[in-house]
Asks: 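Sharing a structure with you now.
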Amino acid sequence: MPVHPYVGKGGAEYQARLLLEELLMRNKFDVSFISKRVPHEMIIDHKILKIGLDEIKGVGNLFGRFTILFDLLSLYLKLKRIAPQIVYQNVGCSYTGVAAAYCKRNKAKLIWHVASDLDVNYKLLNSKKEIIFNYLERKILSYGIINADYIVAQTKTQKSLLLKNYKKQTDKIIPIGHKFPVKLEQKFDEICVLWIANIKPLKQPDIFIKLSKKFLNYKKVKFIMMGDKKVNQKKYDRMIKEINDIPNLTYLGHVTQDIVNQYLEKSHILVNTSLYEGFSNTFVQAWMRKVPVVSLNADPDKILETNKFGFRSGNFKRLYMDVLTLIENDDFRNDMGERARIFAKENYALENMLEKFTGLFENA
């Protein structure tokens, strides 16, 4: 992966960490991990974890997300040195193509895990400023997708996009998994509306800030944002200054998964403003804790629309109205939360996800 799961704060890294720990616990696999950023404090403990830590040496972050194009030779040489029989690669990027090239030339098997709709829909990656990098990245990724031995998607939508854009069948659809919380803490007395994502343009934090201002006259409603900084310092400082001027809005910065879950247990509504998602971990974490989701755009496999565990709003006006509806109707909101919790337990239990994945590794 581009980022080690003990360093990265995103959903793909979190799911990879769960899978990694399960593989290590089963004692059937000799596991190595290759990524661009490795937690150096773990190197001392890597023998205990039975995991080889390898850091890809690239050119820093001079070219933003396309910096990984300069890591390809280093990645291939590390694969040759480790000589794995199975390569698991998560997050669609040029690493996917390198992993496929290694496997094809060395009689190994590549399991590629779709992390986002972006991975299988090249139309979403359209920055005119980086057109050359976009082209190279997509070409190498496409080679990886076409030559992968097994492909795991998160949703039926991703399966359809794979077939449409790459003429490639999905071997399995495995939804994300989370540990189900048996006991829940009591909710805040005030209605709490949460936003959980990394601070970057894709996640559109400015829309949540704008939303909070619409509820300034609601004395028993508070808005909370949490997530790691993924923008330049100037943009970040400007956002923080705006947040500090809004009395009903608080930004907590980066927090651990445990803190995320604690706040979800106590909160009432989760708002997602992303342009697009794969299958956001926070949706499942919220549903397991009786929290309806109001999403501006993302609705994996139309679960929100079909099951009514919240709303897919589509525009800001509707987003505001949907949040207002949940704030003003306690019984309606509580019923949504109760049904969401039951559904999440039945469909997204961590044990089911891990069993399906480890079975795939054992049979590869």
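Source: prediction; values computed, not measured.
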Asks: If hydrophobic clusters are built by linking Ile, Leu, Val, Met, Phe, Trp and Tyr wherever their side-chain heavy atoms come under 4.5 Å apart, do Phe316 and Val193 end up in the same one?
Replies: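 Hydrophobic grouping puts Phe316 with Val193.
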
Asks: Would you mind reporting whether Ser313 and Val294 have side-chain heavy atoms less than 4.5 Å apart?
Replies: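 The answer is yes, as the side chains (C-beta and beyond) meet within the 4.5 Å cut-off.
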
Asks: If the threshold is 4.0 Å, N to carboxylate O, is there a salt bridge linking Asp206 and Lys210?
Replies: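 Looking at Lys210 together with Asp206, the answer is no, because their closest N to O distance does not fall below 4.0 Å.
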
Asks: Can you tell me how far apart CG (Leu326) and CD1 (Ile269) are? Round to the nearest 0.5 Å.
Replies: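 Reported value, rounded in 0.5 Å steps: 4.5 Å.
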
Asks: Do His254 and Met226 touch side chain to side chain, with heavy atoms closer than 4.5 Å?
Replies: no

Asks: Centres of the Phe309 and Phe283 rings: under 6.0 Å?
Replies: no

Asks: Could you tell me whether the side chain of Ile207 reaches within less than 4.5 Å of the side chain of Leu296, counting heavy atoms only?
Replies: yes

Asks: If only side-chain N and O atoms count, and only distance matters, is there a donor-acceptor pair under 3.5 Å linking Lys104 with Asn147?
Replies: yes

Asks: Here's a test for you: under ring-ring contact (aromatic ring centres under 6.0 Å, His included), which of Tyr348, Trp287, Tyr14 qualifies with His178?
Replies: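 Among the candidates, only Tyr14 passes.
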
Asks: Checking the side chain of Gln15 only, and the main-chain atoms of Gly177 only, is there a donor and an acceptor separated by less than 3.5 Å?
Replies: yes

Asks: How about Asp237 and Gln233: does a side-chain donor come under 3.5 Å of a side-chain acceptor?
Replies: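 Yes.
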
Asks: Any side-chain donor-acceptor pair under 3.5 Å between Tyr88 and Asn90?
Replies: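 Yes, because at least one side-chain N or O of Tyr88 sits under 3.5 Å from a partner of the opposite role on Asn90.
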
Asks: Does the side chain of Tyr218 come within less than 4.5 Å of Glu328's, by heavy atoms?
Replies: yes

Asks: Quick one: are Val120 and Asn165 in side-chain contact, heavy atoms under 4.5 Å?
Replies: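 No, side chains not in contact.
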
Asks: Leu20 versus Phe33: any side-chain heavy-atom pair under 4.5 Å?
Replies: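 Heavy-atom side-chain distance check passes, below 4.5 Å.
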
Asks: Quick one: pull up CD1 in Ile151 and NZ in Lys159 and give me the separation to the nearest 0.5 Å.
Replies: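 Here the rounded value is 12.0 Å.
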
Asks: Quick check for you: to the nearest 0.5 Å, what is the distance between Ile199 atom CD1 and Gln204 atom CD?
Replies: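 Here the rounded value is 12.0 Å.
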
Asks: May I ask you to decide whether Lys156 forms a salt bridge with Asp301, counting only side-chain N to carboxylate O separations under 4.0 Å?
Replies: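 Salt bridge flag = no for Asp301 with Lys156.
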
Asks: Would you call Lys203 and Glu277 a salt bridge, using N to O less than 4.0 angstrom?
Replies: yes

Asks: Could Arg17 and Glu21 be called an ion pair, given the rule that one side-chain N must be under 4.0 Å from one carboxylate O?
Replies: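 Yes, Arg17 and Glu21 are salt-bridged.
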
Asks: Considering only heavy atoms from C-beta outward, does the side chain of Pro247 approach that of Leu216 to under 4.5 Å?
Replies: yes

Asks: Are the ring centres of His268 and Phe188 closer than 6.0 Å?
Replies: no

Asks: For this output row, return yes or no: ring centroids of Tyr150 and His113 closer than 6.0 angstrom.
Replies: no

Asks: Salt bridge or not between Lys302 and Asp299? Use side-chain N to carboxylate O under 4.0 Å.
Replies: no

Asks: Kindly write out the residues that satisfy side-chain hydrogen bond (donor to acceptor under 3.5 Å, both in side chains) with Tyr95, not counting sequence neighbours, or none if the list is empty.
Replies: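 So Tyr95 forms a side-chain hydrogen bond (donor to acceptor under 3.5 Å, both in side chains) with Asp71.
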
Asks: Mind checking whether Val3 and Ser35 have side chains closer than 4.5 Å, heavy atoms only?
Replies: no

Asks: If you draw the axis of the six-membered ring of Tyr102, does the NZ or CZ of Lys80 fall within 45° of it and under 6.0 Å from the ring centre?
Replies: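 Not flagged: Lys80 not positioned over aromatic ring of Tyr102.
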
Asks: Are Asp228 and Lys200 ion-paired here, with the side-chain N under 4.0 Å from a carboxylate O?
Replies: no

Asks: Does this structure show an ion pair linking Arg312 with Glu305, if we count only N-O contacts that are shorter than 4.0 Å?
Replies: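 So Arg312 does not pair with Glu305 through a salt bridge.
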
